[in-house]
Amino acid sequence: YGIKSPAILGEPIYKLYQTQWLHPYDEAEMVTELNEKGRWNGESLHLKTNGEILHIEILVTRLPQNIRPCYGDILVIRDITERKKVEDRIRADAERLAYVLAAQREIAAAELDGPNLLQLILKTMTRITGADGASIEMLEGDMVICEAATGVAEPFIGLKLHTKDTLSKLCISSGKLQRVDDIENKLYVNFTFSRPIDIKSLVMIPLRYGKNLFGVLKLFSSRLKTFDYEAEKILKLMTEFLGAIIARQKIIKALTESETRLAVAVNATEIGISEFEIATGKMLWTEQFAKILGIKNTLNTAAISLVYSY
């Protein structure tokens, strides 16, 4: 307590510390148990004279009244402040993991197309981190393009910026999280990009799929020093998952566009195409293929035999 025993012996206990109970009923419970059982064990906070707060475990034993002149209580006090800090960190980690797992389940279960899925991701991230807005930027050559944004960052949608000397470029090239507590005092922050919507702080993390870094996820706040260690932990837990989800959407989009172009080309050149599915044993073909062979555009044994004869 920072006080030598000669200075406190014979003095009121409040000169050493003030007790702050964890629950409103703790003090009454202590008095009842001491009167009925002669012992009480519990926890409380001790406010030291220098303002420091200790988390204390207490064992109180009441001396029998027939012992004179030593009638009173014996207190055994143990400082458990550091233990409580560890317990709080473990509890916070468990809660954070629960938030992240719930968010991942929500996103994974959503049957949404590309743009709507990105919006769901951003809204989920702002909700679990307390951000005022979020955006996803994709790297294309020496440009970053804002493909999706929500909250205060919505004006950024479609915005293109050169990556040279930008924080996005630093984030992608380093593969590491970047946090800015005050954008006015940070190099590489694009002020044209941030000032119109009153952004004071931000944090971003690279999006990756395997070893491939292809963009950044940004969280914005209109307040200084909004994003702390907790927000960083959430982002790091989410980045691999989000990278895989977004990469999958990009692949599906590319395949859909490729199939569309192929269909247009096939129809334009009047080429017939057939396909045999090994898994199902079914023969599939285009309408033009059926016309060329003079068969009906339906699946039957005779038609398959006719196709095989060619």
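Residues: numbered from 1 along the sequence shown. What you see is a predicted model; the values in this text were computed from it and never measured.
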Taking [Y]'s backbone N and O only, do any of them form a donor-acceptor pair with [X]'s side chain (distance below 3.5 Å, no angle check)?
X    : Y    : answer
N41  : V60  : no
R179 : F227 : yes
R208 : G175 : yes
N116 : Q119 : no

In Å, rounded to the nearest 0.5 Å, how long is the span from [atom1] of [X] to [atom2] of [Y]?
X    : Y    : atom1 : atom2 : result
E232 : L177 : CD    : CG    : 5.0 Å
T81  : H55  : OG1   : NE2   : 7.5 Å
K160 : M143 : NZ    : CE    : 6.5 Å
F214 : E137 : CZ    : CD    : 13.0 Å
D142 : L161 : CG    : CG    : 11.5 Å
M138 : I145 : CE    : CD1   : 10.0 Å

Is any side-chain heavy atom of [X] less than 4.5 Å from a side-chain heavy atom of [Y]?
X    : Y    : answer
L207 : I136 : yes
L217 : M204 : no
L63  : D73  : no
V203 : Q178 : no
I58  : S44  : yes
L59  : L75  : no
T226 : R223 : yes
L139 : L213 : no

For K225, all residues meeting side-chain hydrogen bond (donor to acceptor under 3.5 Å, both in side chains), sequence neighbours excluded: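 Residues passing side-chain hydrogen bond (donor to acceptor under 3.5 Å, both in side chains) with K225: none at all.
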Evaluate R62 against N35 for side-chain contact (heavy atoms from CB on, under 4.5 Å), listing each step before the verdict. CA-CA 8 Å; R62 176 147 292 176; N35 290 334; 2.9 Å; yes
Test salt bridge (Lys or Arg N to Asp or Glu O under 4.0 Å) on E82 and K85 and set out the steps. CA-CA 5 Å; E82 291 304 315; K85 288 180 180 178; 3.5 Å; yes
Do [X] and [Y] share a hydrophobic cluster (ILVMFWY, side-chain heavy atoms under 4.5 Å, transitive)?
X    : Y    : answer
W21  : L16  : yes
I121 : I128 : yes
I3   : I77  : yes
I80  : Y1   : no
W40  : I13  : yes

Tell me the closest heavy-atom pair linking [X] and [Y], and the distance in Å.
X    : Y    : result
V144 : S168 : CG1-CB, 4.4 Å
D181 : S201 : O-CB, 3.4 Å
N50  : E52  : OD1-N, 3.0 Å
E43  : D26  : O-OD2, 4.2 Å
K15  : T49  : O-CG2, 3.2 Å
A134 : T126 : CB-CG2, 3.7 Å

For V216 and I172, what are the C-alpha separation, side-chain angles and deciding distance, and is it a side-chain contact (heavy atoms from CB on, under 4.5 Å)? CA-CA 7 Å; V216 292; I172 295 172; 3.5 Å; yes
Does the separation of the ring centres of F156 and F220 fall below 6.0 angstrom?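 Yes, close enough.
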Stepwise side-chain contact (heavy atoms from CB on, under 4.5 Å) check, L219 with L235: CA-CA 10 Å; L219 300 177; L235 278 172; 4.0 Å; yes
Quick check: are there more than 12 heavy atoms from other residues, nucleotides or ligands sitting under 6.0 Å from CZ of R83?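 Enclosed.
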So that I can tick it off, tell me whether K233 and E230 are bridged by a salt bridge, with the cut-off set at under 4.0 angstrom between side-chain N and carboxylate O.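 Looking at K233 together with E230, the answer is no, because their closest N to O distance does not fall below 4.0 Å.
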Aromatic ring pairing H46/Y17, orientation class (parallel under 30°, perpendicular over 60°, tilted between):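 Rings of H46 and Y17: parallel, as their planes differ by under 30°.
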Given T124 and R127, is the side-chain contact (heavy atoms from CB on, under 4.5 Å) satisfied, shown in steps? CA-CA 5 Å; T124 301; R127 185 180 73 247; 3.8 Å; yes
Between S222 and D132, does any side-chain donor sit less than 3.5 Å from a side-chain acceptor?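 Yes, because at least one side-chain N or O of S222 sits under 3.5 Å from a partner of the opposite role on D132.
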With a 3.5 Å cut-off and no angle check, do the side chains of T32 and K37 form a donor-acceptor pair?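 Per modelled atom types, T32 and K37 side chains form no pair under 3.5 Å.
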